[in-house]
Amino acid sequence: MIVCKSSREIEKLRVSGRIVREILEEVRLKAQPGATTMDLESYVEKRVKQLSVKPAFRGYRGYPCCLCASINNEIVHGIPSRRRILKDGDIVSLDLGVIVDGYYGDSALTAPVGEISDSLKRLLRVTEESLQLAIERVRLGNRLGDVCAAVQQHAEQEGYSVVREFVGHGIGRALHEEPQVPNYGEPGHGPVLKEGMVLAIEPMLNEGAGAVRVLEDQWTAVTADGTCSAHFEHMVAVTRNGPDILTKL
Ligand code: MF3
Ligand code: CO
């Protein structure tokens, strides 16, 4: 069952969404050559304490940290480590969740480290564009497949692959609610979007094939072919005035 939220609940999700995005925007500035992914985790830990919010990922199915930090060929769920040093030309995907007053916030972005190549710039741009095109389809009466197809269409048209093993999701009083929001689909298919639905839409695009491998740590998902991958995520509410991005500052 897809839970529709009241406007009071949407405002609570907006509070969580803004806090999670604020911290992410700060931590993206820390993604500099020489920093370790554990430095980024430590910064997030400090900020969630200062803001008196709960990190949503730590302890989720045993995940050990607040932040997921995934470098280059890593798609999602990279575990922060003091041995992982960011270097000029890398990209790093940063994914964070918080809980505020029982409501979840979840957002992600991929940051360039120093100066990156034109081809990586294009990967980041197209991934973010595919998220924006999907958000544009979050309208009353549209179907979920319209949202999912928007990601796939743009990604594939630009020569990238979408990751199928991981999906976006409904979000509210739980991190993962129905429906699943894949990064592929058929326009005109799936549930009709209703007022108060809140979707976490999170395109993951690979330069090469879409296939995924999970490392021995049981968390880090990497591209099977070693190519780079980017990830952007926003929470979006369905309203009669169109898409309402809850993770926008
Ligand atoms: N944004 C991801 C998701 O919605 C983050 C989950 S990471 C985990 O699934 F560590 F919490 F699993
Ligand atoms: Co998510």
Side-chain angles (χ1 to χ4, degrees), residues 2-3 5 13-14 16-25 27-28 37-38 40-41 44-45 48 53-71 74-81 84 92-100 103-111 127-128 130-132 134-135 138 144 147-148 151 162-184 197-206 212 214-222 229-238 243 245-248:
I2 302 176
V3 183
K5 280 79 182 176
L13 287 166
R14 194 190 311 281
S16 319
R18 283 189 174 161
I19 289 174
V20 85
R21 193 69 193 189
E22 182 185 325
I23 300 173
L24 268 184
E25 295 292 343
V27 69
R28 104 191 288 168
T37 53
M38 187 53 84
L40 307 183
E41 167 71 11
V44 168
E45 242 188 313
V48 296
V53 300
K54 246 188 88 177
F57 299 168
R58 195 162 60 198
Y60 180 87
R61 296 177 176 224
Y63 187 75
C65 292
C66 303
L67 182 71
C68 298
S70 312
I71 304 171
E74 298 170 354
I75 303 166
V76 285
H77 304 166
I79 302 174
S81 161
R84 299 303 304 278
V92 60
S93 299
L94 306 169
D95 190 354
L96 182 64
V98 299
I99 312 168
V100 186
Y103 287 82
Y104 280 77
D106 184 12
S107 190
L109 57 83
T110 300
T127 308
E128 206 167 7
S130 67
L131 174 56
Q132 286 307 326
I135 290 172
V138 178
L144 188 62
V147 176
C148 303
V151 172
V162 295
V163 171
R164 293 172 179 251
E165 273 80 354
F166 301 99
V167 294
H169 47 96
I171 185 166
R173 297 185 66 93
L175 176 60
H176 297 139
E177 294 185 355
E178 284 183 46
Q180 292 197 355
V181 184
N183 293 309
Y184 59 92
M197 288 181 179
V198 179
L199 305 175
I201 306 172
E202 43 184 317
M204 290 151 239
L205 268 59
N206 295 354
V212 169
V214 176
L215 299 186
E216 308 69 51
D217 65 16
Q218 302 294 321
W219 279 104
T220 313
V222 301
S229 185
H231 180 209
F232 287 84
E233 177 178 16
H234 272 306
M235 292 162 59
V236 187
V238 181
I245 305 174
L246 304 180
T247 39
K248 198 171 69 183

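What you see below is based on every heavy atom in this structure, not just the backbone, and it leaves out hydrogens, waters and symmetry mates. Just so you know, residue 1 is the first one in the sequence shown, and it goes up from there. Order of appearance sets the numbers: ligands from 1, and atoms from 1 within every ligand. Owing to the predicted nature of the structure, the values given are computational and were not obtained by experimental measurement.
For D106, every heavy-atom contact with ligand 1 shorter than 4.0 Å involves the side chain, none the backbone. Looking at A108 against ligand 1, nothing comes within 4.0 Å, counting heavy atoms.
For S93, the side-chain contact (heavy atoms from CB on, under 4.5 Å) test picks out S70, T110, H231, with sequence neighbours left out. Partners of C65 according to the side-chain contact (heavy atoms from CB on, under 4.5 Å) rule, which considers only residues two or more places apart in sequence or in another chain, are E41, Y63, I79, P80. Take E22 and apply the salt bridge (charged side-chain N to carboxylate O under 4.0 Å, His left out) test, not counting sequence neighbours, and it matches R47.
Among all non-hydrogen protein atoms, the one lying nearest atom 4 (O) of ligand 1 is H169 NE2, 2.8 Å. Regarding atom 9 (O) of ligand 1, its nearest protein heavy-atom neighbour is H176 NE2, 2.7 Å. Summary of contacts: the protein heavy atom closest to atom 2 (C) of ligand 1 is D95 OD2, 3.2 Å.
Residue V151 comes nearest to A134 through the heavy atom pair CG2-CB, 3.6 Å, listed as atom of the first residue, atom of the second, then distance. Shown here for V167 and P182, the closest heavy-atom pair between the two residues is CG1-CA, 3.7 Å.
For E25, the CD atom is densely surrounded, since the number of other residues' heavy atoms within 6.0 Å is greater than 12.
Within the sub-2.8 Å shell of the Co ion (ligand 2), the protein contributes these N/O/S atoms: D106 OD2, H169 NE2, E202 OE2, E233 OE2.
Within ligand 1, the atoms closer than 4.0 Å to a non-hydrogen atom of Y63 are 10 (F), numbered from 1 in the order shown. Remark: ligand 1 atoms within the under-4.0 Å shell around heavy atoms of C68 are 7 (S).
For the pair D106/H169, a side-chain contact is recorded, criterion being any heavy-atom separation below 4.5 Å from C-beta on.
Not one N or O on the side chain of T247 forms a donor-acceptor pair closer than 3.5 Å with the backbone of R18.
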